[in-house]
Each structure stands twice: as structure tokens, then as C-alpha cells.
Amino acid sequence: MKYSDAKFYENSYDIIMLIAALQVMIAHTSAYIVGGGSGAGIPIWRIIAPGPAVVVFFALSGCLTTASYERSQSILSFATKRFFRIYPALIVAIVLPAVVYILSGNVDVNLGDSIWYFMKKFFTGRGHDLVPQGALGNGSLW
């Protein structure tokens, strides 16, 4: 079988990536809920630590992204597909928690800081240093 004959849709990549993502989510959630922000205090941390799952997830993501690039007609079509695959969910993951934070009434919202926070989240996925007072930062991106 030649590489070009490979059928990328007949594989188990999605389920493997789902398991890896869930393992990372469980590790991070456990660190916050049980470990007080650190996994060091969790007795089974060496089993649930997110490191190996992160490597698996990003290695498979790299393979699938490369395959998508190779099947694209041009760089522009590849970039367009990537944009529409990533940004709609990212926008929801940024805006929905912000609305919940604001409606909860427990958050001190400063307009300037909020705009900077959304810009950082939108362009980099980061912004945890600008999380409004009383809000949790990156959970929605999991």
C-alpha cells in the first residue's frame, strides 16, 4: 500500500484523541478540586497526570492537520478550513462563560480589561492573567 492510498477516515484517531482530551480534563479538574490547584497533593497523580495524554493528543493532531494540508487545493483553502474548524467553537467558549460571569453578579467587570482579555483569548487562547475577579479562566476551552 502506498501512502497516497491510505484512507484517513478509516481509523480510530478520533476516539484516541477523545480519550486523551478527557484524560487531560480529568487531571486538570482533579488538580483544582482535590489538589487545590496542584496535582502534587493527589495520591494517584502519577497515573492521572496529563503529560502523556497531551503528547498523544498533539502528535495525532499534527498528523491529521498535515494530512488535511496535503489534501487541500491551496494554502488559502487549508487556512480557511482551519479557521472555520477552530474559531466558531473558540468564540462560543470565550463569550458564553463571560456572559455567565457577568450575569452571576459576582464578577467585577472593567471594560478595558475585558476587551484586552477577549483579544488575548481570541488570538492566542490565553488570557488567564486577565480573568475578571471571581471568575474561573480556561475551563470552557477544555
Side-chain angles (χ1 to χ4, degrees), residues 1-40 42 44-142:
M1 177 194 286
K2 295 185 300 186
Y3 173 77
S4 60
D5 294 336
K7 297 177 182 172
F8 286 99
Y9 296 104
E10 295 179 13
N11 58 53
S12 297
Y13 291 151
D14 287 338
I15 192 69
I16 294 170
M17 289 175 64
L18 176 64
I19 292 168
L22 288 173
Q23 197 274 325
V24 171
M25 184 183 75
I26 289 167
H28 281 284
T29 303
S30 300
Y32 281 103
I33 293 173
V34 178
S38 169
I42 301 173
I44 60 168
W45 183 251
R46 290 182 183 254
I47 296 170
I48 65 169
V54 170
V55 172
V56 167
F57 184 83
F58 282 115
L60 289 177
S61 292
C63 291
L64 295 173
T65 302
T66 301
S68 174
Y69 171 74
E70 289 178 342
R71 288 190 311 268
S72 295
Q73 301 296 323
S74 67
I75 292 176
L76 181 60
S77 72
F78 170 73
T80 302
K81 286 191 298 187
R82 295 299 299 160
F83 180 88
F84 285 108
R85 179 174 174 87
I86 295 168
Y87 276 88
L90 180 62
I91 290 168
V92 170
I94 293 169
V95 172
L96 185 62
V99 169
V100 171
Y101 296 156
I102 292 167
L103 293 177
S104 72
N106 296 326
V107 179
D108 179 25
V109 179
N110 174 306
L111 183 61
D113 287 346
S114 297
I115 291 170
W116 183 242
Y117 169 77
F118 288 124
M119 295 289 288
K120 284 184 75 176
K121 279 285 195 188
F122 185 79
F123 289 110
T124 68
R126 303 266 184 236
H128 54 275
D129 56 326
L130 296 170
V131 174
Q133 185 64 31
L136 295 174
N138 237 1
S140 58
L141 292 178
W142 297 343

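Please read these numbers as outputs of a predicted model, since none were measured by experiment.
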message: Would you compute the distance between atom CZ of R71 and atom OG1 of T66 and round it to the nearest 0.5 angstrom?
response: 10.5 Å
message: Just verifying a value: how many Å separate L22 CG and F57 CZ, rounded to the nearest 0.5 Å?
response: 10.5 Å
message: Do L18 and I15 make a side-chain contact, defined as non-hydrogen atoms from C-beta onward lying under 4.5 Å apart?
response: yes
- request: Check Y69 against F78 and note the closest heavy-atom contact, atom names and distance.
  value: CA-CD1, 3.5 Å
field: Rounded distance [0.5 Å steps], CZ in F58 versus SG in C63
entry: 13.5 Å
- request: Using modelled atom types only, decide if a donor and an acceptor are shared between the side chain of S68 and the backbone of L64 within a distance under 3.5 Å.
  value: no
task: First locate atom CD1 of I19, then atom CG of D14, and finally report the distance between them rounded to the nearest 0.5 Å.
output: 11.0 Å
